[in-house]
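Below is one structure, written out as structure tokens; comments come after it.
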Amino acid sequence: MKKTSALIALGLILGLAGSANAEDAYKRAVLNYQAHHYSAALSDFEKLVAAYPNNAMVRYYRGLSYQGTNQISLAKKDFEWVATNCPDGRVKQLGAAGLRNLGNYRSSTSGSSSGSTVAYSSTPSAPAAVSAASSNPGGKLSKVLEFTSATCPTCITFAPIFEQTRSRFPNVDMQQLDVADSGNASLVSQYSVRNYPTIVFLSGSGQVLFQRAGAPTSVDQFAQLIAKYR
């Protein structure tokens, strides 16, 4: 119920309140995107864009769904539209971040590294770091948990980065956990998650190797961080 209420509230903020059907379609599309059902999400977002062509968040989500289905040129058009036309500065920044991520997506197949520094982009209300249980990568990384929220812009931006990075590390169990899902409540409590996204690295024995609120801003940066704990 908490998750559904949050999504409906977001839909109202985005100007979809005039139609219950539009709210339902938006809610369904967001949930499909978060579950990595990109084709299903795209189908709904395309209909929503047709009905609400000037809604920046709907266009941004459609861009993410295009990216998830590897339709990069179409994703670029949506991100460019959001970055250029949206009057809301925060959403405009999402469009710009989407364009940057596309550049990283294109270059990720080369496996090249642009440097050793890993930067983070955190939610406006969250500090850059909540905790760092271990700054020494002494254990072998076995699992990566990302605690995410449907109403967190940084989480939305980070979702395709997480998915693309996952494909680079098939032997690492990488999971995205929605904090509004009651099934994840015990893990949220166990790792004292207060801000989103929060990333947790675990060894095979369950030892916390790394924990921080915020997210790497590119596939290469996230991959560098994971490789450090491998």
Side-chain angles (χ1 to χ4, degrees), residues 3 6 30-31 33-36 64 67-68 90 93-94 97-98 100-101 104-105 108 111 113-230:
K3 183 175 185 179
V30 170
L31 293 176
Y33 175 79
Q34 292 179 330
H36 313 303
L64 290 176
Q67 184 174 352
R90 290 177 299 174
Q93 289 176 7
L94 288 179
R100 289 194 300 272
N101 291 339
N104 293 319
Y105 175 82
S108 64
S113 173
S114 59
S116 59
T117 301
V118 179
Y120 289 86
S121 173
S122 59
T123 59
S125 60
V130 173
S131 65
S134 173
S135 60
N136 299 315
K140 184 177 177 64
L141 178 64
S142 176
K143 181 180 293 186
V144 174
L145 304 179
E146 183 220 346
F147 293 89
T148 185
S149 169
T151 58
C152 159
T154 302
C155 297
I156 296 170
T157 305
F158 182 58
I161 294 175
F162 188 95
E163 185 66 23
Q164 293 157 26
T165 307
R166 191 207 309 260
S167 66
R168 291 195 184 186
F169 298 93
N171 295 324
V172 177
D173 182 11
M174 297 180 64
Q175 302 178 20
Q176 289 175 294
L177 305 174
D178 193 320
V179 296
D181 186 335
S182 59
N184 297 325
S186 62
L187 290 174
V188 171
S189 176
Q190 179 179 347
Y191 297 110
S192 301
V193 176
R194 297 290 182 269
N195 299 292
Y196 322 121
T198 288
I199 297 172
V200 181
F201 288 2
L202 300 173
S203 68
S205 63
Q207 175 191 3
V208 176
L209 304 175
F210 174 90
Q211 179 170 340
R212 180 169 293 176
T217 57
S218 73
V219 173
D220 279 344
Q221 289 176 348
F222 194 25
Q224 288 172 36
L225 182 62
I226 291 174
K228 178 180 176 183
Y229 289 83
R230 290 282 286 157

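Source: prediction; values computed, not measured.
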Do the side chains of R166 and D173 get close enough for a salt bridge, i.e. N-O under 4.0 angstrom? no

Does any part of the side chain of L177, heavy atoms only, come nearer than 4.5 Å to the side chain of T148, both counted from C-beta? no

Under the side-chain contact (heavy atoms from CB on, under 4.5 Å) test, residues paired with V188 that sit two or more places apart: F147, V179, V193

Least distance between heavy atoms, A159 atom then Q176 atom: CA-NE2, 4.0 Å

Is P216 close to I199 at the side-chain level, that is, under 4.5 Å between some pair of heavy atoms? yes

Closest non-hydrogen atom pair between N195 and A213, with its separation: CB-CB, 4.1 Å

Donor-acceptor contact below 3.5 Å, side chain N184 vs main chain D178: yes

Does some side-chain heavy atom of K143 sit less than 4.5 Å from a side-chain heavy atom of Q175? yes

Test side chain to side chain contact (heavy atoms under 4.5 Å, CB included) applied to L202 and L141, step by step: CA-CA 6 Å; L202 300 173; L141 178 64; 5.7 Å; no

Nearest 0.5 Å, what's the CG-CG distance between D220 and L225? 12.5 Å

Sub-4.5 Å side-chain heavy-atom contact between V144 and F162: yes

Quick one: are R168 and I226 in side-chain contact, heavy atoms under 4.5 Å? no

Output for pair (S205 OG, K140 NZ), nearest 0.5 Å, gives 13.0 Å

Between T198 and V200, is there a side-chain heavy-atom distance shorter than 4.5 Å? yes

Does any part of the side chain of Y33, heavy atoms only, come nearer than 4.5 Å to the side chain of P160, both counted from C-beta? yes

Indicate yes or no for a side-chain donor-acceptor contact from S189 to the backbone of A185 under 3.5 Å, with no hydrogens or angles considered. no

Enumerate the salt bridge (charged side-chain N to carboxylate O under 4.0 Å, His left out) contacts for residues 183-192, please, sequence neighbours excluded, ordered by first and then second residue. none

Return yes if some donor-acceptor pair links the side-chain N/O of Q207 with the main-chain N/O of S203 below 3.5 Å, else return no. no

From D181 atom CG to S149 atom OG, the distance as rounded to the nearest 0.5 Å: 12.0 Å

Let me see the working for Q221 and T217 under side-chain hydrogen bond (donor to acceptor under 3.5 Å, both in side chains), right down to the final yes or no. CA-CA 7 Å; Q221 289 176 348; T217 57; 2.6 Å; yes

Not counting sequence neighbours, which residues clear ring pair (Phe, Tyr, Trp, His ring centres under 6.0 Å) with F201? List them please. F210, Y229

Tightest non-hydrogen contact, residues F169 and A223, listed as CZ-O, 3.6 Å

If we only count heavy atoms from C-beta on, is the R230 to N171 side-chain gap below 4.5 Å? yes

Does the side chain of S167 pick up a donor-acceptor pair with the side chain of E163 at under 3.5 Å? no

Shortest non-hydrogen contact from G204 toward S142: N-CB, 3.5 Å

